[in-house]
Amino acid sequence: MTPPSPSAAETTTTAPRLVAARGDLSGAVERALRTGRPPAYTEASLRRADPWGEDLQLALYLLYELHHRGFEGVDDDREWDPDLLRLRREAENLFLHTLRTALPDGPRSVEEAFAPLLAEQTNPADSVSHYLESEGELWQLREYAALRSLYHLKEADPHAWVIPRLTGRAKAAMVAVEYVEFGAGHPVRMHARLFADLMTDLGLDPAYGHYLDHAPAPLLATVNLMSLFGLHRALRGALVGHFACVEVTSPPGSRRLATAMRRCGAGPAAEHFYAEPVEADADHEQVVRREVIDGILADEPALEPDIAFGCAATVLLENRLGAHMRTAWSAGRSALRSPLPPHPRS
C-alpha cells in the first residue's frame with residue numbers, strides 16, 4: 001500500500017476555536033482566555049472538582065493547549081500568564097495526586113510495569129481494538145477516529161519536550177524514534193498528517209482540535225497526561241514511561257484496527273494509517289526499551305519508579321477510555337458528548 005499523495009488532506013495550521021465550558025473551572029479558563037483577564041475561581045471550586053470529570057479535564061486541556069497551538073483570538077502571551085499557570089498548577093496537582101492514589105500498588109520497576117504488556121491478552125473486556133476488529137461498525141470507527149484525533153494530531157509533540165532533558169544514549173535513541181514519528185523529513189509521512197488523511201477517508205473534519213467539544217473527560221485525560229508529563233522536567237521519567245507504553249502496545253492494536261478499517265470499507269488512507277506503522281512500531285519498541293529506557297536508567301537510575309508510573313498511568317487511562325467507549329456502544333449510543341453528523345457517503 002502506497003503512502004497518501006501530497007494532495008491528500010492536511011491538518012490545518014490555524015489555531016482551534018475555544019469551546020463552551022463544562023463547569024466552574026473550565027468556565028474560569030474560557031472567560032479568561034476570551035476576555036484577556038485573570039481567571040476568576042475559588043478554592044472551593046477546586047475542592048469540589050471531580051479529578052476525572054468534564055470540568056477539570058477540560059480546564060486542563062484548555063490550559064495545556066496554550067503550550068501547543070493556542071486558540072483563535074487568544075494572545076500568545078497567555079501561555080506564560082502567571083494567573084493561568086497558578087490555576088493550571090493547582091488543577092494538575094489534583095490530577096496527578098488522583099493518578100497516584102488510583103495506583104497504590106502500582107509497579108516500581110520497569111520489568112514489573114512492562115512485562116504484562118508484552119504478554120498480550122486474548123480479548124480484554126474493555127479492549128476497543130479487539131471489539132472494532134471483529135464487531136465494530138463504520139459509525140463506531142468514525143467515533144473512535146474523531147476522539148483519537150485530539151491525541152494523534154499532536155501525538156509526537158509532547159514527547160519531543162523530553163529530548164533536551166535526556167543525555168547521550170537515551171537522547172540519541174529518542175530523537176531517532178521521533179524522527180520517524182515526524183515523517184523522517186517528509187511532511188506527507190508525518191503520523192499526524194497520515195491520521196488527518198484517515199479522517200478524510202472517514203468523512204471527518206481533519207482540522208486540529210475540531211472535535212474537542214465532542215470529546216468526553218476520559219479522552220481528554222489521555223491527552224492531558226502527555227502534556228502533564230511533557231511540561232515538567234521532574235516528570236521526564238514518567239514521559240519516557242508513557243512513550244514506551246505507547247510503542248509497546250501499538251503494533252498489535254494497529255493490526256486489529258487495520259483489519260477493522262478494511263472490513264468496514266473505511267478507505268485506503270484509513271487502513272494505511274494503522275497498517276503502515278506495524279513494522280516500524282515493532283522496531284521502535286526495541287529501540288525504546290533497549291536504548292531510551294536502558295540509557296536513561298544508566299544515567300539516572302533513580303528515575304525507574306517514575307518510568308514505571310508513567311507506563312501504569314497510561315494503561316489506567318486507556319482502560320478507562322476503553323470502558324467508556326465499550327459501555328456506550330454496548331448500549332447502542334454514541335461515546336461522544338454529541339453524535340457526529342452522518343458520513344457523507346451515507
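Note that the numbering runs from 1 along the sequence shown for the chain. Please read all numbers here as calculations on a predicted model, not as lab measurements.
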If a pair satisfies salt bridge (charged side-chain N to carboxylate O under 4.0 Å, His left out) and one of its residues is in residues 138-151, list it, with sequence neighbours excluded.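 Pairs touching residues 138-151 that pass the test: Arg148-Glu318.
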
Does any pair with a residue in residues 214-226 pass salt bridge (charged side-chain N to carboxylate O under 4.0 Å, His left out), and if so which ones, sequence neighbours excluded?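 Of all non-adjacent pairs touching residues 214-226, none passes salt bridge (charged side-chain N to carboxylate O under 4.0 Å, His left out).
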
Find out if a path of hydrophobic residues (ILVMFWY) with successive side-chain heavy-atom gaps under 4.5 Å connects [X] to [Y].
X: Tyr151; Y: Met190; value: no
X: Phe182; Y: Val175; value: no
X: Tyr179; Y: Val288; value: no
X: Val162; Y: Tyr64; value: yes

Is there a side-chain contact between [X] and [Y], using heavy atoms and a 4.5 Å cut-off?
X: Glu65; Y: Leu33; value: no
X: Tyr208; Y: Lys154; value: yes
X: Thr42; Y: Ser45; value: yes
X: Pro218; Y: Leu317; value: no
X: Leu257; Y: Tyr144; value: yes
X: Val29; Y: Tyr41; value: no
X: Leu84; Y: Pro39; value: yes
X: Arg31; Y: Arg37; value: no

When you measure from the side chain of [X] to the backbone of [Y], do you find a donor-acceptor pair of N or O atoms at a distance under 3.5 Å?
X: Glu72; Y: Pro16; result: no
X: Asp55; Y: Leu25; result: yes
X: Arg337; Y: Asp213; result: yes
X: Glu92; Y: Leu228; result: no
X: Glu271; Y: Arg262; result: no

Show, in sequence, the C-alpha distance, side-chain angles and deciding distance for Asn93 and Glu90, and conclude whether the side-chain contact (heavy atoms from CB on, under 4.5 Å) test is met. CA-CA 5 Å; Asn93 279 346; Glu90 293 183 270; 5.8 Å; no

First locate atom [atom1] of [X], then atom [atom2] of [Y], and finally report the distance between them rounded to the nearest 0.5 Å.
X: His324; Y: Leu336; atom1: NE2; atom2: CG; result: 7.5 Å
X: Arg89; Y: Leu94; atom1: CZ; atom2: CG; result: 12.5 Å
X: Glu247; Y: Leu117; atom1: CD; atom2: CG; result: 12.5 Å
X: Met199; Y: Leu194; atom1: CE; atom2: CG; result: 13.5 Å
X: Met325; Y: Leu132; atom1: CE; atom2: CG; result: 7.5 Å
X: His214; Y: Leu212; atom1: NE2; atom2: CG; result: 10.5 Å

Any residue meeting salt bridge (Lys or Arg N to Asp or Glu O under 4.0 Å) with [X], in chain and number order, not counting sequence neighbours:
X: Arg290; result: none
X: Lys171; result: none
X: Asp81; result: Arg78
X: Asp83; result: Arg86

Atom CZ of Arg34: over 12 foreign heavy atoms under 6.0 Å: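 Check passes, neighbour count above 12.
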
Is it the case that atom CZ in Arg108 sees more than 12 heavy atoms from other parts of the structure closer than 6.0 Å?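 Result for CZ/Arg108: open.
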
Looking only at heavy atoms, which two atoms of Leu204 and Ala146 are closest? And how far apart?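 Nearest pair, atom of Leu204 first, then Ala146: CD1-N, 3.9 Å.
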
Non-neighbouring partners of [X] that pass side chain to side chain donor-acceptor pair (under 3.5 Å), sequence neighbours left out:
X: Ser227; value: His68
X: Glu178; value: none
X: Arg320; value: none

Identify each donor-acceptor pair in which a side-chain atom of residues 293-302 lies under 3.5 Å from a protein atom, sequence neighbours left out, and give them as a table.
| from | atom 1 | to | atom 2 | distance (Å) |
| --- | --- | --- | --- | --- |
| Asp299 | OD2 | Thr167 | OG1 | 2.9 |
| Glu300 | OE1 | Arg236 | NE | 3.3 |
| Glu300 | OE2 | Arg236 | NH2 | 2.5 |

Stepwise side-chain contact (heavy atoms from CB on, under 4.5 Å) test for Gln57 and Phe95: CA-CA 9 Å; Gln57 291 299 328; Phe95 182 35; 3.5 Å; yes

Under the 4.5 Å side-chain heavy-atom rule for ILVMFWY, direct or indirect, which residues accompany Trp80?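 When side chains under 4.5 Å apart are linked, the cluster holding Trp80 also contains Leu85.
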
Will you find, in the side chains of His152 and Glu155, an N or O donor that is under 3.5 Å from an N or O acceptor?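 Yes, a side-chain donor-acceptor pair sits under 3.5 Å.
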
Would you say the side-chain atoms of His67 and Arg88 include a donor-acceptor pair closer than 3.5 Å?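 Their side chains do contain a donor-acceptor pair, which is all the 3.5 Å distance test asks for.
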
In sequence, state the C-alpha distance, the side-chain angles, and the governing distance for Trp329 and Trp139, and then conclude on side-chain contact (heavy atoms from CB on, under 4.5 Å). CA-CA 10 Å; Trp329 292 341; Trp139 70 271; 3.6 Å; yes

Which label fits Phe229 and His242: parallel for a plane angle under 30°, tilted from 30 to 60°, or perpendicular past 60°?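 Perpendicular, since the angle between the ring planes exceeds 60°.
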
Taking only distance into account, with no hydrogens and no angle test, what donor-acceptor pairs under 3.5 Å do side-chain atoms of residues 304-312 form with protein atoms, sequence neighbours excluded?
| from | atom 1 | to | atom 2 | distance (Å) |
| --- | --- | --- | --- | --- |
| Glu304 | OE2 | Val110 | N | 2.9 |

